[in-house]
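Hydrogens, waters and symmetry mates are skipped; everything else that's a heavy atom, side chains included, is used.
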Amino acid sequence: MAFSPITQRRIAQFKANKRGYWSLWIFMALFLVTLFAEFVANDKPLYVQFEGRHYLPVFYAYPETTFGGDFETEAEYRDQFVIDLIEDKGYMIWPPIRYSYDTINYNLTEPAPSRPNADNWLGTDDQGRDVMARLIYGFRISVLFGLALTLVSSFIGIIAGGLQGYYGGWFDLIFQRFIEIWSGLPVLFIIIIMASIVTPTFWILLGIMLLFSWTQLVDVVRAEFLRARNFDYVRAAKAMGISNTTIMRRHVLPNAMVATLTLMPFILTGSITILTSLDFLGFGLPPGSPSLGELLAQGKNNIHAPWLGLTAFFSLAVMLTLLTFIGEAVRDAFDPRKTGL
């Protein structure tokens with residue numbers, strides 16, 4: 001696929017920012033690993049061979065009777081009885097971490113939260129759950145939530161800002177007053193109140209936060225549309241009878257996308273930070289969900305277990321630092337003073 005000369009110069013400028021370029025690769029590697037968290041940290045084996053038959057517990061639930069047990073419920077693969085049954089007539093292949101985010105380790109040699117060891121690489125929390133497994137799943141949820149919120153809010157913000165800037169006049173004036181009032185609302189308190197009324201799930205929390213996050217790009221896109229609507233080629237398109245929708249989509253929107261793309265990494269960083277803050281305060285994802293904010297809260301409540309707070313701090317610091325470096329590189333790539341455009 002051949003890129004245009006402008007795109008090639010932007011890619012070259014992005015690569016020239018070594019800090020941002022390598023941050024992108026590191027972040028993508030971390031996200032790819034956590035995206036397949038079930039194959040990295042799970043309390044079920046990836047593959048079981050029993051009596052010559054093949055089983056995939058990570059995809060399907062098998063009753064204990066399948067392996068010669070007594071119960072019709074799903075096999076508990078960490079139970080020594082089930083392990084002996086399977087290994088007597090077959091074998092299992094486990095993921096690197098034999099815990100899921102909600103697996104409780106009942107074989108601890110010390111009271112929870114327990115210190116890091118060969119079995120629990122980053123120790124356990126105050127409920128005996130493996131911290132490394134919760135970190136992997138929590139990283140995935142945080143990034144997916146941030147990406148979903150960033151993409152949907154940016155889409156709405158681009159449409160709202162584009163309509164404001166293109167039509168202007170009373171429509172722009174009234175819409176601006178509405179946004180000023182809407183942006184002045186105490187967002188955090190409203191989210192806390194709404195989260196206390198309805199049981200927050202991933203999608204409900206996403207919808208609540210979307211109500212207030214779509215305004216972040218409106219001003220930038222509005223300014224670009226206000227500037228571009230008076231360009232000669234836009235006036236010529238109007239004179240030719242081309243519809244306003246086509247003009248906005250084909251001729252004006254590409255100009256606004258430059259500023260939009262430079263801000264999106266920073267919006268993603270803010271989205272992850274907000275989710276972490278809500279989880280830390282107890283108004284985020286449902287209790288028991290893997291969350292970096294909940295891990296931070298555990299670190300605060302268990303000062304005698306410093307590995308909890310340190311794990312949450314360094315994971316958030318690394319994630320947000322990588323995203324900030326990526327955002328700086330994207331900003332440089334679209335900067336006309338550096339690309340010579």
Side-chain angles (χ1 to χ4, degrees), residues 10 14 17 20-21 23-35 37 137-164 179 182-183 185 187-188 190-191 194-195 200-225 253-280 283-285 289-293 315-335:
R10 286 171 176 167
F14 180 85
N17 189 321
Y21 178 70
S23 294
L24 176 62
W25 282 107
I26 295 172
F27 181 81
M28 291 299 296
L30 292 174
F31 181 52
L32 186 63
V33 170
T34 58
L35 196 60
Y137 283 88
F139 186 98
R140 181 176 67 176
I141 287 183
S142 297
V143 175
L144 289 177
F145 185 91
L147 286 173
L149 182 61
T150 300
L151 293 176
V152 178
S153 63
S154 298
F155 178 76
I156 298 174
I158 290 171
I159 293 177
L163 292 174
Q164 273 189 260
I179 291 180
W182 192 255
S183 301
L185 296 175
V187 178
L188 183 60
I190 293 177
I191 292 177
M194 296 182 70
T201 63
F202 182 93
W203 298 109
I204 291 177
L205 194 60
L206 181 64
I208 293 174
M209 294 179 64
L210 184 61
L211 292 174
F212 303 97
S213 62
W214 63 272
T215 60
Q216 297 179 81
L217 286 176
V218 171
D219 291 339
V220 176
V221 176
R222 170 180 172 270
E224 291 293 331
F225 270 72
L253 182 60
N255 294 319
M257 289 305 295
V258 173
T260 300
L261 291 174
T262 58
L263 288 176
M264 287 184 70
F266 301 104
I267 296 176
L268 174 59
T269 302
S271 301
I272 294 175
T273 303
I274 292 175
L275 176 64
T276 303
S277 302
L278 289 174
D279 287 333
F280 176 78
F283 296 100
L285 296 171
S289 300
S291 165
L292 299 180
S315 59
L316 280 171
V318 170
M319 180 198 302
L320 299 181
T321 300
L322 292 175
L323 288 174
T324 301
F325 288 162
I326 294 170
E328 292 177 351
V330 172
R331 183 185 60 194
D332 291 345
F334 285 93
D335 189 345

Closest non-hydrogen contact found for Ser291 with Asp279 is OG-OD2, 2.6 Å
How about Val218 and Ile179: do any of their side-chain heavy atoms sit closer than 4.5 Å? yes
Could you walk me through whether Phe225 and Arg222 satisfy the side chain to side chain contact (heavy atoms under 4.5 Å, CB included) test, starting with their C-alpha distance in whole Å, then the side-chain angles of each, then the deciding distance to 0.1 Å, before giving a yes or no? CA-CA 5 Å; Phe225 270 72; Arg222 170 180 172 270; 5.9 Å; no
Rounded at 0.5 Å granularity, tell me how far CG in Leu217 sits from CE in Met264. 7.5 Å
What one should report as the nearest heavy-atom pair of Ser183 and Thr215 is OG-OG1, 3.9 Å
Quick check for you: to the nearest 0.5 Å, what is the distance between Ser154 atom OG and Leu263 atom CG? 9.0 Å
Which of parallel (below 30°), tilted (30 to 60°) and perpendicular (above 60°) describes Phe31 and Phe27? parallel
Would you mind telling me which of Leu206, Leu292, Leu205 makes a side chain to side chain contact (heavy atoms under 4.5 Å, CB included) with Leu275? Leu205
Spacing of OG belonging to Ser153 relative to CG belonging to Leu211, to within rounding of 0.5 Å: 11.5 Å
Tell me if the aromatic rings of Phe155 and Trp214 count as close, with their centers under 6.0 Å from one another. no
Go through the steps for Ile158 and Leu253 under the test side chain to side chain contact (heavy atoms under 4.5 Å, CB included), then give the verdict. CA-CA 9 Å; Ile158 290 171; Leu253 182 60; 3.6 Å; yes
Going from OG1 on Thr269 to CD1 on Ile274, what distance comes out if it is rounded to the nearest 0.5 angstrom? 11.0 Å
Would you compute the distance between atom CZ of Phe139 and atom CG of Leu144 and round it to the nearest 0.5 angstrom? 10.0 Å
I need the minimum non-hydrogen distance between Gly327 and Pro265, along with the two atoms involved. CA-CB, 3.5 Å
Can you spot which of Ile204, Ile141, Leu278 makes a side chain to side chain contact (heavy atoms under 4.5 Å, CB included) with Leu285? Ile141
When rounded to the nearest 0.5 angstrom, what is the spacing between CD in Glu224 and OG1 in Thr260? 8.0 Å
Evaluate the side-chain proximity of Leu210 to Ile156: yes if any heavy-atom separation is below 4.5 Å, no if none is. yes
Closest contact, heavy atoms only, Ile326 versus Phe14: O-CE1, 4.1 Å
Closest non-hydrogen atom pair, Ala329 against Asn17: CA-ND2, 3.7 Å
Specify the closest pair of heavy atoms between Ser271 and Leu149, including all atoms of both residues, with the distance to one decimal. OG-CD2, 3.5 Å
